[in-house]
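Note sheet for the following structure.
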Protein chains: 2
Amino acid sequence: MKSNLTDSGMVQQCGVDYAFKRIGGKYKGRILWHLYSKKVLRYGELRRILPDITTKMLTQTLRELEDDKLVTRKVYHEVPPKVEYAVSETGMELIPFIKHLHVWGNKQLEKEGFPCES
Amino acid sequence: MKSNLTDSGMVQQCGVDYAFKRIGGKYKGRILWHLYSKKVLRYGELRRILPDITTKMLTQTLRELEDDKLVTRKVYHEVPPKVEYAVSETGMELIPFIKHLHVWGNKQLEKEGFPCES
DNA sequence: CTGTATCCCGTGCGATACTG
DNA sequence: CAGTATCGCACGGGATACAG
């Protein structure tokens with residue numbers, strides 16, 4: 001229910017500040033990145049990809065991203081339930097940024113001797 | 001004293017996660033952006049540019065950025081003291097992406113009717 | 001399978017005072 | 001001018017149990 005887009009009462013500093021509020025937090029970057037590289041992912045798939053996340057945080061983070069129009073949520077009304085998440089059109093505009101962070105981060109990790117595949 | 005680069009004991013997920021740890025937090029993005037656009041800034045100038053920051057957070061954030069090799073700190077041994085901060089070479093690699101965020105963020109702000117200059 | 005609902009805790013950050 | 005040093009707290013996030 002708490003959208004970052006609608007938390008009035010505070011001074012917006014500038015675009016950089018605004019953007020970081022939207023994609024900050026412990027999981028948003030990784031979620032956007034995985035959603036982008038896999039095109040679309042179900043709730044349970046995201047859980048497996050992010051082994052350290054709890055259902056509470058996964059749901060909460062996805063809701064915030066959805067409220068901020070960065071990801072889309074598609075519900076299939078069947079039994080058992082099925083829900084698919086994907087990066088929205090607006091969210092896609094952030095992908096170049098995240099993609100390069102991914103490259104830069106991996107380069108830094110290598111420098112430090114902690115190579116990482118994904 | 002607490003560098004994000006040396007906080008072992010935790011699992012690095014991937015480059016995206018790593019990168020966000022380096023430039024996450026409440027002020028790092030804005031500080032990097034302002035340092036970049038002004039080339040070099042003194043401690044007091046940064047305080048004025050970031051009206052909501054306390055000396056504690058400014059110093060702490062600058063130290064973390066310095067420990068992580070993203071900004072440089074140059075001390076002039078004179079009275080009164082003078083210290084200049086600038087984006088390091090490594091930090092410069094992040095500038096294109098922060099610039100991208102800056103553009104994206106301002107565009108979003110405009111969409112919402114909160115135009116912003118800087 | 002896809003979530004809610006509670007309870008709980010560490011720490012990121014704020015406020016304030018002081019210093020070389 | 002450019003910082004340290006304390007104190008304190010809200011809040012982001014973790015653990016666990018339960019539900020449609």
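In what follows, chains carry the letters A, B, and so on, assigned in the order in which the sequence lines appear, proteins first and then strands, with residues in each chain numbered from 1.
- Taking 4.0 Å as the cut-off between side-chain N and carboxylate O, R30(B) and D52(B) count as a salt-bridged pair.
- Distances shown here put every side-chain N or O of R63(A) at or beyond 4.0 Å from the OP1 or OP2 atom of dT2(C).
- For the residue pair Y18(A) and E112(B), a side-chain donor N or O sits within less than 3.5 Å of a side-chain acceptor on the partner.
- Because its NZ or CZ atom is not both nearer than 6.0 Å to the ring centre of Y36(A) and within 45° of the ring axis, K38(A) does not count as a cation-pi partner of that residue.
- No side-chain donor-acceptor contact under 3.5 Å links Y43(A) and K82(A).
- For the pair V71(B)/L35(B), a side-chain contact is recorded, criterion being any heavy-atom separation below 4.5 Å from C-beta on.
- Candidate nucleotides dC1(C), dG14(C), dG3(D) were compared by shortest atom distance to the side chain of V83(B), and dG3(D) ranks first.
- Note on R42(B): only backbone sugar-phosphate atoms sit closer than 4.0 angstrom, heavy atoms only; bases stay farther off.
- The nearest whole Å value for the distance from the CD1 atom in I53(B) to the P atom in dG14(C) is 8 Å.
- Atom-to-atom, OH of Y43(B) to P of dG20(C) comes out at 17 Å; the value is rounded to the nearest Å.
- In this entry the distance linking CD of Q60(A) with P of dA5(C) reads 13 Å, nearest Å.
- Residue order along DNA chain D, read from the 5' end via each residue's closest nucleotide, puts G25(A) first among G25(A) and T55(A).
- Between the P atom of dA2(D) and the NZ atom of K82(B) lies a distance of 9 Å, rounded to the nearest Å.
- Residue L58(B) contributes atom CG, which lies 15 Å from atom P of dA15(C) at whole-angstrom precision.
- Among the protein residues, Y85(B) comes within range of the sugar-phosphate backbone only, with heavy atoms under 4.0 Å from sugar or phosphate atoms but none that close to a base.
- K56(A) contributes a side-chain N or O that forms a donor-acceptor pair with the base of dG13(D) under 3.5 Å.
- Dashed line: the shortest gap from a side-chain N or O of R73(B) to OP1 or OP2 of dG3(D) is under 4.0 Å.
- Here the C1' atom of nucleotide dT16(D) and the CE atom of M57(A) are 16 Å apart, to the nearest Å.
- Look at NZ on K26(A): it is 13 Å from C1' on dG12(C), rounded to the nearest Å.
- Residue-to-nucleotide contacts include no donor-acceptor pair under 3.5 Å from the side chain of T59(A) to the base of dT2(C).
- Computed from coordinates, the H77(A) NE2 to dC1(C) C1' distance equals 14 Å when rounded to whole Å.
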